[in-house]
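Have a look at the structure below, then the notes.
Computed from a predicted model, the values in this text were never measured in an experiment. For the numbers below, each heavy atom of this structure counts, side chains included, while hydrogens, waters and symmetry mates do not. Naming: A, B, ... by sequence-line order, numbering from 1 per chain.
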Number of protein chains: 2
Amino acid sequence: MHTVTTVNVNGLRAAARKGFGSWLAGTGADVVCLQEVRAEPGQLDDGLRRPEGWHAYWAPAAAKGRAGVALLTRSEPERLRIGFGEPEFDDSGRYLEADLPGLTVASLYLPSGEAGTERQAEKERFMAAFLPYLAGLRKRAADDGREVLICGDWNIAHQPADLKNWRANQRNAGFLPEERAWLSRVFGEEGGYTDVVRALHPDTAGPYSWWSYRGRAFDNDTGWRIDYHVATPQLAGRCVKAYVERAATHAERWSDHAPVTAVYGP
Amino acid sequence: MHTVTTVNVNGLRAAARKGFGSWLAGTGADVVCLQEVRAEPGQLDDGLRRPEGWHAYWAPAAAKGRAGVALLTRSEPERLRIGFGEPEFDDSGRYLEADLPGLTVASLYLPSGEAGTERQAEKERFMAAFLPYLAGLRKRAADDGREVLICGDWNIAHQPADLKNWRANQRNAGFLPEERAWLSRVFGEEGGYTDVVRALHPDTAGPYSWWSYRGRAFDNDTGWRIDYHVATPQLAGRCVKAYVERAATHAERWSDHAPVTAVYGP
DNA sequence: CTTCCAATG
DNA sequence: CATTAGAAG
């Protein structure tokens, strides 16, 4: 029985100034996955670095002020792992994994970039290395009788239903054919994972989890669904509820992403 | 008859957001010298670039967001000059000169830097080139029967009375022996100029015109007098009133400097 | 449009 | 402690 939330905070220090703390205090989740922390633990206030009632783990990027993922868990994990074994990304602040009893849960922040740039090439290298890792992780977990849940900002919308203007974005990073095909492999035989939110809501547009700060994207709900719960099928089948906490970042707008929460039954 | 104000605005766009406009609307000056504009004219709102009732002249630095001086005059100058003939500093946004009838007035922003750095070396090169220019300017003006007034942020406190903690600052840029000696030459035979505010207030501590943003420098009046009216002696003798508008940047604090105003009688 | 950094003051 | 620009998103 787990309630898990993932949210890209777009700078935890800025988010904390604008209300992240009260959101965290009010959440019923027992696992929170954070992305784009953009700070080293030492740059965070005590109450944020070690929040009351949580075990907190940080994987900052070597580059200051960039990326950075974290995991907050109500119970203490048995094991932690930073990175997924690809040296280029080991200290890039993009992957942090924890073993809880019967469940491996990870916070992922996949690179983003504009089409045709070096950043996009980096994203593609990440994708190429990460898929085999994911597949291997699922197989090892199956052998151990564990479930796996990779939460985070994957920076890719999978299908037309996953963003407002899919036609206009077919040549934009985040909805490129090769990115979508890669996600299909994650969700297909090769990866063997399930897109939890889409499985529960097969016919909705969205629910979006990111809206650009530019223009009136949030007000018009011109969003993208790029933050996922990616789970082994058995775990996904146990999900009884999944939703985007649009209101959490609405009034105070402490991030351009909204938390994505799923409740996994026993 | 002139009322002249000089103020380092520490970024005119930021100052405008915080109340520079209402200060300008309320000033009785007919010449305003600005330093650290930190913007090209095109980056300023219309009302700021061409303020109602003023002629406005801008000398931005080639390096974006750095330095930049300006002159606002109620009457149109006969001539304008950017730089003082030293190529290194011609487009550094540090010197702008205007000829009004019988008066040459300039806005100066002398480089600042930390002792022992390349910035300090640049400051010293500026000082070395600027003193002969000043001396020549005074002589030419004398031949023409003109007065000269160089207003601005000279980034040097001259004497112990010109900063709160002079003992602690003897090795800090802005109060180094060589900088003080250079100002003494400006105010001595070689330059031939007068420190207008000090001439009127020979026995006051300060009045300071800059307070660091760090700590409680402003509240404790831990300030420096580094913004000067530097005038030919005859003009200085006509000064009937000289003061620092501490309140102008107190309530709203639109700069770390305060305006320094002097009234020159006929 | 917002984050954070770096250089600068 | 504040400014601006620039990289990044």
Side-chain angles (χ1 to χ4, degrees), chain A residues 8-18 20 35-40 43-44 60-68 92-94 109-115 117-120 122-123 153 155 172-174 210-219 222 224 226-227 249 253-257, chain B residues 8-18 20 35-40 43-44 60-68 92-94 109-115 117-120 122-123 153 155 172-174 210-219 222 224 226-227 249 253-257:
Chain A
N8 177 318
V9 295
N10 190 27
L12 185 54
R13 285 169 291 179
R17 283 194 298 273
K18 294 190 272 178
F20 171 84
Q35 300 89 38
E36 273 206 273
V37 169
R38 303 182 71 173
E40 293 173 35
Q43 297 175 298
L44 301 173
K64 288 184 72 171
R66 306 234 186 285
S92 66
R94 298 194 174 272
Y109 176 45
L110 210 136
S112 75
E114 300 200 13
T117 65
E118 163 54 27
R119 289 273 144 193
Q120 182 66 14
E122 182 186 326
K123 182 178 187 175
D153 178 357
N155 265 317
N172 289 139
W210 174 76
W211 304 264
S212 170
Y213 276 125
R214 301 173 213 198
R216 304 199 205 309
F218 189 88
D219 297 337
T222 304
W224 295 50
I226 57 181
D227 301 281
T249 48
R253 202 100 165 93
W254 46 262
S255 173
D256 49 348
H257 294 248
Chain B
N8 176 318
V9 294
N10 190 27
L12 185 53
R13 285 170 290 178
R17 282 194 297 272
K18 295 190 272 180
F20 171 83
Q35 300 88 38
E36 273 206 274
V37 169
R38 303 183 70 173
E40 293 173 35
Q43 298 174 298
L44 301 173
K64 288 183 72 170
R66 305 235 184 283
S92 66
R94 298 193 174 272
Y109 176 46
L110 210 136
S112 76
E114 300 199 12
T117 65
E118 163 53 28
R119 289 274 143 193
Q120 182 67 14
E122 182 187 325
K123 181 178 187 175
D153 178 356
N155 264 315
N172 289 139
W210 173 77
W211 304 264
S212 170
Y213 278 125
R214 301 173 213 196
R216 304 200 205 312
F218 189 88
D219 297 337
T222 305
W224 294 51
I226 57 180
D227 302 279
T249 47
R253 202 99 167 91
W254 48 260
S255 174
D256 49 348
H257 294 248

Q: Answer with base, sugar-phosphate or nothing: what part of the nucleic acid does A:Lys18 contact at a heavy-atom distance below 4.0 Å?
A: sugar-phosphate
**Q.** Closest approach of B:Ser112 to B:Lys123 (non-hydrogen atoms, all atoms of both residues)
**A.** CA-CD, 4.3 Å
(Q) Students should find this one: the first and last nucleotides of DNA chain C, 5' to 3', lying under 4.0 Å from a heavy atom of chain B. What are they? (A) C:dT8 to C:dG9
Q.
Does A:Arg216 reach a base, just sugar-phosphate, or nothing at all? Heavy atoms under 4.0 Å.
A. nothing
Q) If you look at every heavy atom in B:Gln120 and B:Ala115, which pair is closest and at what distance? A) CG-CA, 4.2 Å
Q.
Quick one, A:Val9 and A:Phe20 - any side-chain contact, counting heavy atoms below 4.5 Å?
A. yes
Q.
Quick check on DNA chain C: between A:Ala14 and A:Arg214, whose nearest nucleotide comes earlier from the 5' end?
A. A:Arg214
Q. Base, sugar-phosphate, or nothing: which does B:Glu114 touch, judged by heavy atoms less than 4.0 Å apart?
A. nothing
Q) When we call it a touch if two heavy atoms are under 4.0 Å apart, what does A:Glu118 touch: a base, just sugar-phosphate, or nothing? A) nothing
Q | side-chain hydrogen bond (donor to acceptor under 3.5 Å, both in side chains) against B:Trp224, all qualifying residues, sequence neighbours excluded | A | none
**Q.** For chain A, the stretch of DNA chain D it reaches, first to last nucleotide, under 4.0 Å of its heavy atoms
**A.** D:dA8 to D:dG9
Q: Report the residue from A:Tyr213, A:Trp211, A:Trp210 that forms a ring pair (Phe, Tyr, Trp, His ring centres under 6.0 Å) with A:Phe218.
A: A:Trp211
Q: Could you tell me whether the side chain of B:Asn10 reaches within less than 4.5 Å of the side chain of B:Trp254, counting heavy atoms only?
A: no
Q: Under 4.0 Å between any heavy atoms, over every strand shown, what does A:Gln35 touch: base, sugar-phosphate, or nothing? Just pick one.
A: nothing
Q.
Can you give me the closest heavy-atom contact between A:Leu44 and A:Arg13, atom names plus distance?
A. CD2-CG, 3.8 Å
(Q) With heavy-atom distances below 4.5 Å as the criterion, would you say the side chains of B:Arg119 and B:Glu114 are in contact? (A) no
